[in-house]
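Here's the structure, in C-alpha cells; my notes come after.
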Amino acid sequence: DQLIIVVGQETATTEEQKAAAAGEEAECTKIQDEVLAFQDQCDKDLAAAEPIIAEAERALNTLDKKSLTELKSLSSPPAGVDDVTSGVMALLGGGKIPKDMSWNAAKKMMANVDQFLNQLISFDKDNTPDNGCEWCEKNVICKPDFNGEKMKSKSGAAAGMCEWVINICKYFRVYQYVEPKRILLAQANERLSGANTKLAAVRQQVAMLEEKLAELTAQYEAATQEKNEAIAAADKTQRKANMAERLVNGLADERVRWSQAIENFGTQERNFIGDVMVASAFVSYIGAFNSRFRDDLVNNKWITDLVERRIPMTEGIQPLDLLSDSATIAGWNTEGLPTDTVSIQNGAIMTNCARWPLMIDPQLQGIKWIKRRHIKNVEVVVAEDEEGNATETRMETKEMCVVQQTQDKYINFLEVAMSQGEAIMIENLGESIDAVLDPVMSRAVIRRGRAFFIKLGDKEAEYDDNFKLYLQTKLSNPHYKPEIAAQTTLMNFMITIEGLEEQLLTLVVEKERPDLGEQKAQLIEDQNGFNIKLKELEDGLLLSLSNSQ
C-alpha cells in the first residue's frame, strides 16, 4: 500500500516535468524554424556571391609574373590601363585612398611581382575598405571601357586586374547586404543553443524521474506478484493438506506401515554414513567370495570395525537393505534370478557396480538371468508407402547380443553395441582376456566435442553412455591378473548348497507332484507381482499427491 502511494506521487511529478519538457521542446522548435529560415536566406544570398568570387579568382589566374613584368616595364601605359592600376591601389590602400595614383606609383606597387600577386590572392574580400570600393565604383567601374574584354586588347595583365577589381566590388556589396543577416543568424543560433541546453537538462530530469518511476513500478509489480504467489501457494498447500488428509483417512489401513516407514527413514538418515560404507564395500569387494566368506567379512570384520570406530550405522544392517528393495528383488526373480541369498546378493552387486561385471558362472545361473533381463520388444516395419512412411508394423522380440572371444570378428559386434548403446555379453572366457578389450574394460573414453570414443584395436569406435558390457566364464576357480580384477567387478554365481537343495526340491516336486510345482511357481510369480505392484502404487500415489493442484 505504501508503494502505491509513492508510485502515485512519483507519477504526478514525472507528468509535471514531462509537460515542462514539452513546452521547452515547442520553444526550441520555434527557434529552430527561425534559424532554418535565416540560414536558408543567407545561403541563397551567399550562393549569389559565389560566381562573383569565382570570376575574381579566374581573373587572378590569368595573371602571371611575365605579363606583370611586361606591364610594369612600359614607360607609358595604354589608355585605360592607368584606371585599372588606380582601382587596384584604391582597394589595396587599407581604407586610405592614395593621393598619388600615377603610373609611376603603379609601377612601384608592382615592383615586386611575387609580393604583388600574393597581395591580390590573399586579399580579405570580406573586409574590403568601403571607401576604396566606393571610389572604384564612382571613378573607374562606371566607365564604359572598364571591362576585361576591352582591356584584353591592351594588356592581358590589365584585363585580369580589371576583372578582379570589378568582382571584388560586386562581392563586397553583396556581403554588406548579407552580413546583418549572418549576425542575426549567429544570435539565433546562440538562442537555440541555450534553449537546447535547457531542454537537455529538462529531458535528463524527466529521464531520471522515469527511471525512478520504472524502478518503483517494478518493485510494486514484483511485490504484487510475490503477494499473489504467496496467496496462491497458501491456497495450493491448503488444498494439498485437505486432499492428503482425505487420502490418509481413506488409506487408514496403511497408516501403521507408513508411520513405521517414516520412522525408519529418519533412523536411516542418521546412520547413512556407516550404512553406505558397508554397502559400497560390499559392491566393490564381496562378489568373488562364497556365502561363508561374505557373511564373515560383513558381520565379523566390517561391521565390528565400524562399531569400534563409533561410526553411526543401523543396528544389524545388511547391504541388501540399502542396495535393493522387495519389489526390485521380486522383479529379478521374475526375470529368472534364483531366489537364494547369494544369487540375490549378486543381482544387487551387478545392478549397482560401476565396473563391468565378470561372472564366475559354471552352472549358467547368472547368464540366463542377464539374457532374460535384456529381452525387449521392438517395432519392426513390414511395409512402407512410396514416401517411405510405415504403413504396417509388427512387434518382435529382440534378445541381447552374445559373443565369444573365439568367434570370428566378434569385435564388430562389440563396436555396434557400443555405438548404439546396447548390452552385449562376452561368454565362456578363459583366464586370459584379449588385450584389445583393455580400453573398453577400463572405460578409456576419449571426448571430441559432444561425441565420445573408445580405441578398439586400430580404430576408434563411437561410445554411447547406455552401453553395457557383461563378461562370463564357466571356470569354477579362475585365476585372473590383478589388473582384470581392478577393471571389473567379479561375481561368484557358483550354485550354493542352499540353492542346489531348492532347485533339487523343485525338480522332485515337478516329477512327483507337478500340480504343487505349478502352484508354487504361480504363487512365487504372484507374490513377486504383488510386491512390484505395491511399489508402483506407492510411487504413483506419492507422485499424484505431490503434483496435485
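What you are looking at is a predicted structure, and each value in this text was computed from that prediction instead of being measured. Heavy atoms only: backbone and side chains are in, while hydrogens, waters and symmetry mates are out.
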Exercise. Does the side chain of Met313 come within less than 4.5 Å of Met277's, by heavy atoms?
Worked result: no
Exercise. Could you give the distance from NZ (Lys371) to CE (Met425), rounded to the nearest 0.5 Å?
Worked result: 7.5 Å
For this session: First locate atom CG of Leu364, then atom CE of Met359, and finally report the distance between them rounded to the nearest 0.5 Å.
Result: 9.5 Å
For this session: Please lay out, stage by stage, how Gln318 and Asn299 fare under the test side chain to side chain contact (heavy atoms under 4.5 Å, CB included).
Result: CA-CA 9 Å; Gln318 291 300 316; Asn299 297 317; 3.5 Å; yes
For this session: Evaluate the side chain to side chain contact (heavy atoms under 4.5 Å, CB included) criterion for residues Met418 and Glu462: first the C-alpha distance (whole Å), next the side-chain angles of each, then the deciding distance (0.1 Å), finally the verdict.
Result: CA-CA 7 Å; Met418 276 201 303; Glu462 191 172 352; over 6 Å; no
Seminar exercise, completed: Taking every heavy atom of Gln487 against every heavy atom of Ser442, the minimum-distance pair comes out as NE2-CB, 3.8 Å
Exercise. Once you round to the nearest 0.5 Å, how far does CD1 of Ile349 lie from CG of Leu323?
Worked result: 8.0 Å
Exercise. Do Glu422 and Asp464 have side chains that get closer than 4.5 Å, going by heavy atoms?
Worked result: no
Problem set entry | Qualifying ring-ring contact (aromatic ring centres under 6.0 Å, His included) pairs with a residue from residues 372-392, counting only residues at least two apart or across chains | His374-Tyr470
For this session: For Leu337 and Gly347, work out which heavy atoms get closest and say how close.
Result: CD2-CA, 4.2 Å
Problem set entry | Pairwise side-chain contact, Phe282 with Asn352, heavy-atom cut-off 4.5 Å (strictly under) | no
Exercise. Can you tell me if Gln472 uses its side chain to pair, donor with acceptor, with the backbone of Asn428 under 3.5 Å?
Worked result: yes
For this session: Would you check if there is a donor-acceptor pair between the side chains of Asp296 and Asn300 at a distance under 3.5 Å?
Result: yes
For this session: From the options Lys368, Arg373, Arg372, select the one residue that forms a side chain to side chain donor-acceptor pair (under 3.5 Å) with Glu335.
Result: Arg373
Exercise. Can you check whether Phe293's main-chain N or O pairs, donor with acceptor, with Asn290's side chain at less than 3.5 Å?
Worked result: yes
Problem set entry | Val342 vs Asn492 side-chain heavy atoms within contact, under 4.5 Å | no
Problem set entry | Close side-chain approach of Ile317 to Asn271, heavy-atom, < 4.5 Å | no
Exercise. With no hydrogens and no angle check, is any side-chain donor or acceptor of Glu431 less than 3.5 Å from a backbone partner on Pro478?
Worked result: no
Problem set entry | Donor on one side chain, acceptor on other, Ser343 and Asn346, under 3.5 Å | no
Problem set entry | Side-chain donor/acceptor of Thr473 to backbone N/O of Leu429, under 3.5 Å | yes
Exercise. Looking at CD1 of Ile411 and CD of Gln405, how far apart are the two atoms once the value is rounded to the nearest 0.5 Å?
Worked result: 8.5 Å
For this session: Please list, chain by chain and in numerical order, all residues satisfying side chain to side chain contact (heavy atoms under 4.5 Å, CB included) with Lys455, sequence neighbours excluded.
Result: none
Problem set entry | Test item: Ile360 and Leu475 side chains (from C-beta on) under 4.5 Å apart, heavy atoms | no
For this session: Would you indicate whether the side-chain heavy atoms of Tyr480 and Thr488 approach each other to under 4.5 Å?
Result: no
Exercise. CD1 of Ile286 to OG1 of Thr489: how many Å apart, nearest 0.5 Å?
Worked result: 13.0 Å
For this session: Spell out, as yes or no, whether a donor-acceptor pair under 3.5 Å connects the side chain of Arg447 to the backbone of Gly449.
Result: yes
Exercise. Angle class for the Tyr463/Phe467 ring planes (parallel below 30°, perpendicular above 60°, tilted otherwise)?
Worked result: perpendicular
For this session: Run the numbers on Val403 and Leu414 for side chain to side chain contact (heavy atoms under 4.5 Å, CB included), then give the verdict.
Result: CA-CA 9 Å; Val403 297; Leu414 181 62; over 6 Å; no
Problem set entry | Nearest-0.5 Å distance, CG of residue Asp434 to CD1 of residue Ile426 | 8.5 Å
Exercise. Counting only N and O atoms by type, is there a donor-acceptor contact under 3.5 Å from the side chain of Gln365 to the main-chain atoms of Pro338?
Worked result: no
Problem set entry | Side-chain heavy-atom pair Ser324, Thr351 within 4.5 angstrom cut-off | no
Exercise. Do Glu396 and Lys398 meet the salt-bridge criterion of a basic N to acidic O distance under 4.0 Å?
Worked result: no
